[in-house]
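See structure below.
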Amino acid sequence: MQAPVSYKLRDQQLWLSADRCIYWEDEQVLIVSDLHFGKTGHFRKHGIAVPQTVYKKDLQRLFHQVQFYRPRKLIVVGDLFHSHENKELELFLKWRNDFPHLEIDLVRGNHDILHQDWYRQANINVVDEELQISQFRFRHDKEECSHDKANALKTGMPYLFSGHIHPGVLLSGMGKQSLRLPCFYFARDFCVLPAFSAFTGTWLMDPDESENIFAIVENKIVQLQ
Amino acid sequence: MVLHNTPGYKIVNDWLASKGLHPFLFQEQAWQHIINGKSGVVNAPTGCGKTFSVFLGTLIDFINKNSGNYKTKSKNGLQLLWITPLRALAKDIGRAMEEVIAELGMQWKVGIRNGDTDVAERQRQKRQMPEALIITPESLHLLLAQKGYPELFRSLQVIAVDEWHELIGSKRGVQVELAISRLCHLPNERKPQVWGISATIGNLEQAREVLLSPLKTMGELVKAEVRKEIVLESILPDEIEKFPWSGHLGLKLAHKVVPIINNSRTALIFINTRGMSETWYQTLLNIAPDLAGAIALHHGSIEQELRIWVEEALHAEKLKAVVCTASLDLGVDFRPVDTVIQVGSPKGVARFLQRAGRSGHSPDAISKIYFLPTHSLELVEAAALKNAIEENFIESREPMTLCFDVLIQYLGTLAISEGFRPDELYHEIITTYCYRDLSEAEWSTILQFITEGGTALQQYDEYKKIEVIDGVYRLTSRRLAMRHRMHIGTIVSESMMKVKFMSGGFIGVIEEWFITRLNPGDVFTLAGRNLELVGIKEMTALVRPSKSKKSIVPSWDGGRMPLSANLGKKLREKFNEAFEVKRATKNSNSGKRDIELEVLKPLFQLQAQLSHVPRADELLIEHIETKDGYHLFVYPFEGRLVHEAMAAILAYRISRITPITFSFAMNDYGFELLSDQPIPVDDTNVMDLFTADDLLTDIQRSANATEMARRKFRDNAVIGGLIFQGYPGEQKKARHLQSSASLLFNVFSEYEPNNLLLRQAYQEVFDQQMEEVRLRNMLERIQHSKIVITFPQQLTPFCFPIKVDSMRENLTSEKLEDRVKRMQAQLER
C-alpha cells in the first residue's frame with residue numbers, strides 16, 4: 001500500500017489515502033463517505049448472492065485506517081449503512097465496541113434510515129443536514145444546498161466536503177480500452193469523496209481544468225490534474 | 001401397424017382429398033413413425049406442410065385409439081404440446097389446427113400460452129387443459145413454476161418443437177432441453193413422444209441427438225425431399241471500383257433497385273443493420289418519390305403496432321416494398337412477396353437461403369433473390385453463395401453446453417412449484433445434451449450457490465433463496481417466487497427507452513446508451529422519421545418531428561454478424577477461379593464462369609499486379625508502408641470475430657520477438673496490424689507466428705478477455721438471477737436492490753473468482769466471441785497452406801476496405817467520404 005498523498009487545502013493538512021478516505025491532520029479527523037455497510041447482506045436477504053467478503057474487506061479497511069491514523073473523530077459524510085437493519089450490522093457493532101473512545105459523526109445521507117435508537121446504541125452522533133468544524137463543512141449531497149446557501153458557496157463560505165455521487169473518471173488507453181476509476185474530486189469550493197465501499201459503482205465526472213482529480217488505481221493514488 | 005390400414009389415416013386422407021390435397025411422402029413417413037410411438041425430427045423447409053406432418057400424425061394416432069368415438073370424445077386433457085420460438089406464429093398455427101379439427105368434426109380444443117395470454121384464459125387452461133397447447137419455451141417454464149404442474153401434463157402424448165433449428169444454438173434451446181427432460185420423467189403411464197421440426201442445417205443429425213437426448217433414443221430423421229429452386233442475380237455496378245470500401249457502393253446502386261421494385265408484386269429489401277435500413281428507406285423515397293405510401297420500414301426498434309401494421313399490409317398486398325432487417329427473417333409467409341433483395345453480405349449460407357425463401361411460396365415456385373453489394377469485392381460472395389447453395393453447404397448450429405445460468409434459473413423454477421430432490425434431479429438433468437458432462441462437483445457447487453449464496457460470513461448472513469425442507473429443495477418466500485417468475489427467460493435485452501411524441505403516440509424503442517449521448521435539440525432518425533429530442537422523462541424519450549436535413553442515424557451493433565465459416569471457405573475457393581478467369585482469357589478456355597468474377601477482373605488484375613490473389617490453399621500477407629506507418633495485412637477470410645482475436649494473438653506473438661506496439665483493424669476478409677516501426681514477419685518466422693500451439697494461453701495473455709467477459713456477464717447475471725430488474729411499474733422502489741452487471745463482475749472477480757456464472761462468462765467469450773474452435777481450425781489450415789508474403793508499393797484492392805474501416809471511427813461520414821475519394825484518386829493515378 002502506497003503512503004498517503006499530502007494535499008493542502010485552505011492551510012489545512014490533508015492526507016488522501018488509496019483506501020478511499022481523507023485524514024485531516026490539524027483536527028485529527030478521519031473523513032469517509034458512502035460506506036454502504038450492510039449492502040451485501042441486504043442483497044443476500046433478497047436472494048441475490050453477492051459475496052459477503054466485500055463487506056468484510058470494507059470493514060477491515062476502515063478498521064486499519066483507524067488504527068493507522070488514530071483519529072479523535074470519524075466523520076462519515078453520509079450513507080454509512082445501506083438500508084434497514086440486518087445481521088451484517090452486528091459485525092459492525094462488534095467492531096465499534098473495540099473503539100469506544102472514537103467519536104463518530106454521521107452526516108445523514110439518503111440511505112441512513114435506521115431508527116435513532118440504533119445510532120444512539122452504536123454511539124454515533126447523527127447530524128441531519130450539515131456539520132461544520134472550523135473552516136470545513138460536511139454535507140452528504142452538495143446539490144441539496146438551499147438556494148441562498150448555494151449562492152453563499154460562491155462567496156467564500158467554509159469549504160464543503162460531500163459524497164453521495166460516487167465520483168469516477170474514465171481513463172482511455174490504447175485502442176478502444178478504457179478504465180473507469182473511483183476518484184477524489186476537488187473543486188474550488190467543494191470536494192466529493194469517493195465511495196468507501198468496494199460494492200459501489202461510479203458516476204463519471206466531467207472535470208473543469210482548474211479542478212484537482214486524484215484517481216484511485218488499484219492501491220495507488222494518481223493525480224490526473 | 002401399417003399407416004394406410006388405420007382408420008385415422010383414412011379419415012385424414014379423405015379430408016385432404018376433399019380439399020384436393022395429397023399428403024407428401026415425408027408427411028406419411030412422419031405419421032407412420034408417430035403411430036408407431038417413435039420420436040424424431042422432421043426436416044422440411046417452411047411453407048410445405050411441416051406443421052401437418054406432426055399435427056395430423058397426432059390426430060391420426062388419437063383417432064386410431066378412439067376410433068369409435070373420436071368425434072364426440074372431449075376433455076381429453078393435453079395431448080399435443082407445440083413449442084414454438086415465435087409468439088407471432090402461435091395464432092396462425094392455432095387457427096390452422098382449429099380449422100382441421102372443426103372440419104374433421106372433432107371436439108379438440110386448441111389453446112395458446114405465451115406472454116400475451118390473459119389471466120382468464122390461463123385460469124380456464126388450468127381448470128381444463130386444451131388438447132393442443134401452443135407455447136413458447138419461456139411460458140413452458142412458467143408452467144413448470146406452477147404448483148401441481150405434473151397434473152397438467154398427465155395425458156401428454158406428443159411434444160412438438162417447431163423451428164428447432166432456430167432454438168438449438170441458443171439458451172432458449174437449452175430451456176427446451178430441460179423442459180423435455182422434466183416432462184419425460186414425470187410419473188406418467190407413458191413417456192411423451194418428441195418431434196422436432198427443423199429447416200436444413202449442417203448438423204441435422206446432431207440436432208436430433210440434442211433434442212431426443214432425454215429420451216435415450218436415436219429416433220427417426222424424416223427428410224422432405226422438396227427442393228426449392230433458388231435463382232440469385234447480382235446487381236452489378238456500371239463501373240467496378242478498384243479500391244472498394246464498404247457501405248458506400250450500396251446506396252449508389254439504389255436507383256437500380258427501383259425498376260426491380262416496380263416489376264414485382266411485393267419486394268422485401270433486407271439490410272443488415274437497423275441504422276442502414278433507415279438510410280435506405282430515406283434514399284429510396286428520395287430517388288423514387290412516387291413510392292411514398294407504397295413502401296415501408298420494418299426493424300426491431302420500430303413500435304410493435306406499426307410493425308404489425310406493416311406485416312398485415314404485406315399480407316394484403318398493399319405495399320410494393322418493405323425495407324427490413326433480420327426482423328422479417330422468420331415468421332409467417334407473406335404470399336404476395338415475389339422478390340427479395342439482399343443488400344450487403346448475408347454473412348452466411350443459411351441466412352441467405354432463409355431470406356431467399358421469403359419469396360415464391362408455393363412448393364414449385366422459384367425463389368428469386370437479388371444481391372446488391374455494398375462494396376465491389378462482395379460480388380465474390382455472390383459467386384460463393386451460388387456454389388454453396390448448389391452443394392447445400394449450410395452452416396451448423398452448435399448446441400450450447402453447460403449453461404450454468406439457465407440451470408440455476410431452472411432450479412429456482414422447480415423450487416417454487418413442486419420442489420426437487422437433488423439426487424433424482426441430477427440424474428434427470430444429465431440426460432440432456434447440454435448438461436450431460438455436468439460433474440457432481442459442479443452440481444454440488446450449484447446447489448451450494450442456490451441455498452447458501454456462495455461465500456458468506458456464517459453467523460452474520462441471512463441469505464435467503466432456496467431452502468432444504470425434509471430433503472426437498474424449495475423456495476417458499478412469495479416475494480422471491482413472484483420475482484423469479486417475472487425473470488424466467490433467457491433473452492436479455494439491452495436497456496431500451498421508449499420514444500414518444502410530445503403530443504402523444506409511440507414511435508418505437510431505442511437503446512438507452514444512444515439517447516443518453518444526445519442533447520436536447522439533437523435530431524436523430526427512427527422509423528423513417530427525423531426526430532428532435534426534447535427531453536427524457538421516466539425512461540421515455542420525448543421528441544417532436546423535425547424538418548432538419550441533418551440527423552444522426554443510430555448505429556446499432558447488434559446486427560453485426562461475422563462471416564460464417566462455410567461462406568468463408570467458399571469465398572476462398574472462388575479466388576481460385578478468379579485466377580482461372582485471368583488465365584482463361586488468355587487460353588480462351590470456355591466454361592461456366594460467374595458473371596460476378598468476370599466483372600471483377602480489373603480488380604483482380606490490379607491486385608495480382610500490386611500483390612497477389614490468394615488461392616484457397618494460400619494465406620496472403622501484405623507488408624505496406626505508408627505515411628501512417630508500417631502495415632501488415634493478413635487475409636484469412638474467417639469473419640471479423642476470429643480476425644479480432646487473431647490480430648491480438650499475432651500482435652502478442654510478434655511483441656515477444658521485439659518490443660513493438662500495434663493498433664488493429666479488421667473486416668470479414670482480413671485484418672491489419674499497424675505500427676510505427678517495421679513489423680518483423682517474414683518467411684523464417686511466419687509459421688511459428690501462426691501456430692496452433694499454446695493457443696489458449698496466448699489468447700488469455702493477448703486479447704482483452706476480461707473486458708469481453710464483462711460484457712457477456714450481464715446476460716449470465718440476469719439469467720442466473722443476480723440482477724434485479726425491478727417489478728413492472730415500480731422501477732424506482734427497487735433502486736436499493738439494483739447494481740450494474742459491471743459492478744457485480746468486479747465484485748465477483750475480486751472476491752469470488754470461482755463463481756460459476758463468472759466462469760461461464762469467460763467460457764462464452766472463448767466459444768462465441770473468439771470462436772476458439774474456428775480460430776484453431778483456421779490456424780491448422782494455415783499450417784497446411786502456403787504463406788505468400790508480398791511487399792506492395794501502395795495500398796491494394798484487398799486491403800483498402802480494411803484501411804477505410806479503421807479510419808471510420810474518428811471521422812464523420814461526410815469527412816470520411818471526402819478522404820476516401822482523395823485516397824482512391826491518389827492510388828489510381
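Below, chain A is the first sequence line, B the second, and so on; all start at residue 1. Basis for what follows: all heavy atoms, side chains included, without hydrogens, waters or symmetry-related copies.
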From CA spacing to verdict: side chain to side chain contact (heavy atoms under 4.5 Å, CB included), Asp461(B), Arg44(A): CA-CA 8 Å; Asp461(B) 187 29; Arg44(A) 294 176 62 83; 2.8 Å; yes

Look at atom [atom1] of [X] and say whether more than 12 heavy atoms of other residues, nucleotides or ligands are closer to it than 6.0 Å.
X	atom1	result
Trp203(A)	CH2	no
Lys73(A)	NZ	yes
Arg70(A)	CZ	no

Most contact-rich option vs chain B, by heavy-atom pairs under 4.5 angstrom, among Leu89(A), Thr200(A), Val50(A), is Thr200(A)

Nearest non-hydrogen partners of [X] and [Y], listed with the distance:
X	Y	answer
Gln52(A)	Tyr460(B)	NE2-O, 3.2 Å
Phe748(B)	Ala49(A)	CZ-O, 3.3 Å
Pro51(A)	Val747(B)	CG-CG1, 3.8 Å

Per-residue contact mode, Leu744(B) against chain A (heavy atom under 4.5 angstrom): side chain

Portion of Gln459(B) that has a non-hydrogen atom of chain A nearer than 4.5 angstrom: backbone

Glu90(A) side, atom CD; Leu457(B) side, atom CG - distance, nearest 0.5 Å: 12.0 Å

Okay, Thr202(A) and chain B: the region with an atom under 4.5 Å from a heavy atom over there is neither

Quick one: are Arg483(B) and His46(A) in side-chain contact, heavy atoms under 4.5 Å? yes

